[in-house]
Amino acid sequence: MSGSWDEDILGPSFEQRTIDLGHDDEGPVVATLVRRQAAERTGRAVLYVHGFVDYFFQTHLADFFVRRGWDFYALDLRKYGRSLLPHQTPNFCRSIADYFPELDAAARIVRDEDGNRTLLVNGHSTGGLIAALWTHARGATDLVDGLFLNSPFFDLNASWVVRRPLAAAVSQLARRAPYRIVPSGLSPVYGQTLHAEHRGEWTYDLQWKPLGGFPVRAAWLAAIRSAQQRVRHGLAIDVPVLLACSTRSFRGTVYHESAALADAVLDVEHMVRWAPRLGRHVTLVRFDGGMHDLTLSGPAVREKVFTEVGRWVTAFVEPAATELSGPPRDGATGKPGPAGE
């Protein structure tokens with residue numbers, strides 16, 4: 001694991017660090033941890049985990065937590081975004097547990113090296129599924145103090161026939177041909193509602209987050225199906241969980257203005273249905289007009305999202321007294337990043 005922090009692509013407020021994960025059947029593997037520290041040390045930190053066909057670019061999310069005195073970290077998982085190497089199949093995995101080593105490494109850096117005593121994990125979409133299973137698996141270690149799931153990927157957005165019998169058949173195929181492309185994928189509608197070159201307000205790298213996504217591989221779909229089965233059977237997450245999602249889904253394949261007021265990727269009713277299976281302390285909040293990534297919704301909606309997240313964090317995650325003595329950090333001003341200016 002490299003111990004050096006370098007300036008990130010998001011500018012001087014952000015640093016990045018490479019986590020060496022050895023090799024797999026395609027060659028060398030890395031993950032990338034991005035950091036933005038608060039001006040004052042409070043011993044609190046949040047670790048963000050992105051979704052499928054995604055990477056961290058939401059600087060305004062970091063702004064929100066840094067203003068509250070939280071150090072902000074985001075993990076570009078192996079074969080995603082900053083961590084995608086030329087020889088790799090984008091976004092590929094054989095098991096959700098493949099991602100646990102980089103989450104373990106990130107948690108060690110956040111807690112042991114940077115001295116944070118409180119860790120909130122924030123997972124979006126597939127990152128929400130990964131974060132939930134990792135938090136469940138690491139429950140006895142007290143690594144995580146709270147879990148915020150932003151539109152988690154708890155079931156396939158398809159008919160029952162596709163979600164169950166056909167998905168089972170793909171899982172069998174994955175054993176023989178893990179890299180086989182499955183004839184399904186993402187609609188470009190969601191990307192069109194986001195990107196500033198189309199109908200959205202956000203600028204991000206379309207090589208790392210293309211409008212139509214990357215091809216779905218048999219092994220990846222089998223890994224997702226297996227992880228979702230774990231959730232449906234019930235987890236035992238022993239920390240407070242906030243699950244947030246939109247009030248409706250958009251199912252069209254052609255852009256319509258209503259796509260910007262709904263989850264255009266997943267079925268939100270699946271999230272609501274399976275939320276109680278996560279643990280004993282689950283808070284569910286739904287946002288009218290929320291998009292798939294709630295923090296990328298229209299300004300009025302995302303303001304409500306941050307307000308609710310702030311209330312929940314104050315009530316259930318922040319320790320009663322967390323201030324650490326000492327001068328402000330050098331170079332950590334707490335000023336907004338590029339998208340928050």
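In this text, all values refer to a predicted model and were calculated from it rather than measured experimentally. Side chains are part of it too, since the values below use all heavy atoms of this structure and drop only hydrogens, waters and symmetry mates.
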Item to check | Presence of salt bridge, Glu269 and Arg286, under 4.0 angstrom | outcome: yes
Checklist entry - Yes or no on side-chain hydrogen bond (donor to acceptor under 3.5 Å, both in side chains) for Asp114 and Tyr73, after CA distance, side-chain angles and deciding distance? => result CA-CA 11 Å; Asp114 288 356; Tyr73 299 80; 2.4 Å; yes
Next on the checklist: Between Arg225 and Leu221, does the side-chain contact (heavy atoms from CB on, under 4.5 Å) criterion hold? Intermediate values first, please.
Outcome noted: CA-CA 6 Å; Arg225 175 177 176 269; Leu221 188 58; 5.7 Å; no
Item to check | Charged N-O contact under 4.0 Å between Arg78 and Glu102 | outcome: yes
Checklist entry - Any side-chain donor-acceptor pair under 3.5 Å between Gln228 and Trp274? => result no
Checklist entry - Among the clusters formed by ILVMFWY side chains lying less than 4.5 Å apart, do Leu156 and Leu173 turn up in the same one? => result no
Next on the checklist: Which label fits His198 and His195: parallel for a plane angle under 30°, tilted from 30 to 60°, or perpendicular past 60°?
Outcome noted: perpendicular
Item to check | Ion pair Lys79/Asp24, N-O distance below 4.0 Å | outcome: yes
Item to check | Test: Asp155 and Arg273 ion pair at under 4.0 Å | outcome: no
Checklist entry - How far apart are the closest heavy atoms of Val265 and Asp263, and which atoms are they? => result N-OD1, 2.9 Å
Checklist entry - From Glu7 CD over to Ser13 OG, what is the distance, rounded to the nearest 0.5 angstrom? => result 9.0 Å
Checklist entry - Counting only N and O atoms by type, is there a donor-acceptor contact under 3.5 Å from the side chain of Ser226 to the main-chain atoms of Ala222? => result no
Item to check | Test log, rule side-chain contact (heavy atoms from CB on, under 4.5 Å), inputs Ile9 and Val34 | outcome: CA-CA 10 Å; Ile9 58 173; Val34 179; over 6 Å; no
Checklist entry - Going by atom types only, do Trp134 and Asp104 share a side-chain donor-acceptor pair under 3.5 Å? => result yes
Checklist entry - Considering residues, nucleotides and ligands other than Arg199, do more than 12 of their heavy atoms fall under 6.0 Å from its CZ? => result no
Checklist entry - Between Thr314 and Arg68, does any side-chain donor sit less than 3.5 Å from a side-chain acceptor? => result yes
Next on the checklist: I'd like to know if the side chain of Glu303 and the backbone of Ala300 have a donor-acceptor N/O pair within less than 3.5 Å.
Outcome noted: no
Item to check | Leu84 with Val29, same ILVMFWY side-chain cluster at under 4.5 Å | outcome: no
Item to check | Verdict with supporting geometry, Arg232 and Phe154, side-chain contact (heavy atoms from CB on, under 4.5 Å) | outcome: CA-CA 8 Å; Arg232 293 197 295 272; Phe154 284 168; over 6 Å; no
Checklist entry - Going from CG on Asn116 to CZ on Arg44, what distance comes out if it is rounded to the nearest 0.5 angstrom? => result 9.5 Å
Next on the checklist: Using the rule given for side-chain contact (heavy atoms from CB on, under 4.5 Å), can you reason through Phe153 versus Ile224, listing the C-alpha separation, both sets of side-chain angles and the distance that settles it, and then say yes or no?
Outcome noted: CA-CA 9 Å; Phe153 188 15; Ile224 293 296; 3.6 Å; yes
Item to check | Chi angles and distances behind the ring pair (Phe, Tyr, Trp, His ring centres under 6.0 Å) call for Phe306, Phe64 | outcome: CA-CA 8 Å; Phe306 286 131; Phe64 167 75; 4.7 Å; yes
Checklist entry - Run the salt bridge (Lys or Arg N to Asp or Glu O under 4.0 Å) check on Asp267 and Arg251 step by step: do they pass? => result CA-CA 9 Å; Asp267 186 333; Arg251 293 179 171 80; 2.9 Å; yes
Checklist entry - Counting only heavy atoms not in Arg180, do more than 12 sit closer than 6.0 Å to its CZ atom? => result no
Side-chain donor-acceptor pairs under 3.5 Å in residues 119-128, sequence neighbours left out?
from, atom 1, to, atom 2, distance (Å)
Asn122, ND2, Phe148, O, 3.1
His124, ND1, Asn150, O, 3.0
Ser125, OG, His292, NE2, 2.9

Next on the checklist: Would you say that more than 12 heavy atoms from the other residues, nucleotides or ligands in this model lie under 6.0 Å from the CD of Glu201, or not?
Outcome noted: yes
Checklist entry - Does a donor on one side chain and an acceptor on the other come within less than 3.5 Å for Thr32 and Thr18? => result no
Checklist entry - Does any N or O in the side chain of Arg248 come within less than 3.5 Å of the main-chain N or O of Ala262, such that one atom is a donor and the other an acceptor? => result no
Next on the checklist: Quick check on the hydrophobic clustering: are Ile181 and Leu211 connected, directly or via other members, by side-chain heavy-atom contacts under 4.5 Å?
Outcome noted: no
Item to check | Steps toward salt bridge (Lys or Arg N to Asp or Glu O under 4.0 Å) verdict (Arg82, Asp8) | outcome: CA-CA 10 Å; Arg82 299 164 178 81; Asp8 186 60; 2.9 Å; yes
Checklist entry - What's the shortest heavy-atom distance between Asp238 and Gly139, and which atoms? => result OD2-O, 3.7 Å
Checklist outcome for this item: Interatomic distance, CZ@Arg41 vs CG@Asp71, rounded to 0.5 Å, equals 8.0 Å
Checklist entry - Is a side-chain N or O of Glu113 found less than 3.5 angstrom from the main chain of Arg108, in a donor-acceptor match? => result no
Item to check | Cluster link Leu77 to Trp208, ILVMFWY, side chain under 4.5 Å | outcome: yes
Checklist entry - Does any donor atom in the side chain of Tyr179 or Asp25 lie under 3.5 Å from an acceptor atom in the other side chain? => result yes
Item to check | His136 NE2 to Leu147 CG distance, which is reported to the nearest 0.5 Å | outcome: 12.5 Å
Checklist outcome for this item: Closest heavy-atom pair, Asp205 versus Tyr55, reported as atoms and distance to 0.1 Å, is N-OH, 2.8 Å
Checklist entry - In Å and rounded to the nearest 0.5 Å, what is the CZ to CG distance from Arg230 to Leu129? => result 10.5 Å
Item to check | Backbone of Leu296 reached by a side-chain donor or acceptor of Trp202 within 3.5 Å | outcome: yes
Checklist entry - Taking atom types as modelled and ignoring hydrogens, do the side chains of Glu318 and Thr118 form a donor-acceptor contact shorter than 3.5 angstrom? => result no
Checklist entry - Should the pair His281 and Phe316 be assigned to parallel (<30°), tilted (30 to 60°) or perpendicular (>60°) ring geometry? => result perpendicular
Item to check | Smallest separation among heavy atoms of Ala218 and Ala177, with atom names | outcome: CB-O, 3.7 Å
Checklist entry - Going from OG on Ser95 to CH2 on Trp220, what distance comes out if it is rounded to the nearest 0.5 angstrom? => result 13.0 Å
Checklist entry - Which heavy-atom pair separates Gly213 from Val53 by the least distance, and what is that distance? => result CA-CG1, 3.6 Å
Item to check | Residue pair Gln16, Asp76: steps toward the side-chain hydrogen bond (donor to acceptor under 3.5 Å, both in side chains) verdict | outcome: CA-CA 10 Å; Gln16 69 165 260; Asp76 274 15; over 6 Å; no
Checklist entry - Within 45 degrees of the axis of the six-membered ring of Tyr204 and under 6.0 Å from its centre: does Lys209 put its NZ or CZ there? => result yes
Checklist entry - Do you reckon Val309 sits in the same ILVMFWY cluster as Leu284, going by side-chain contacts under 4.5 Å, direct or chained? => result yes
Checklist entry - Parallel, tilted or perpendicular for Phe56 and Phe14, by the 30°/60° rule? => result tilted
Next on the checklist: On a heavy-atom basis, which atom in Leu21 and which in Pro101 lie closest, and how many Å separate them?
Outcome noted: CD2-CB, 4.2 Å
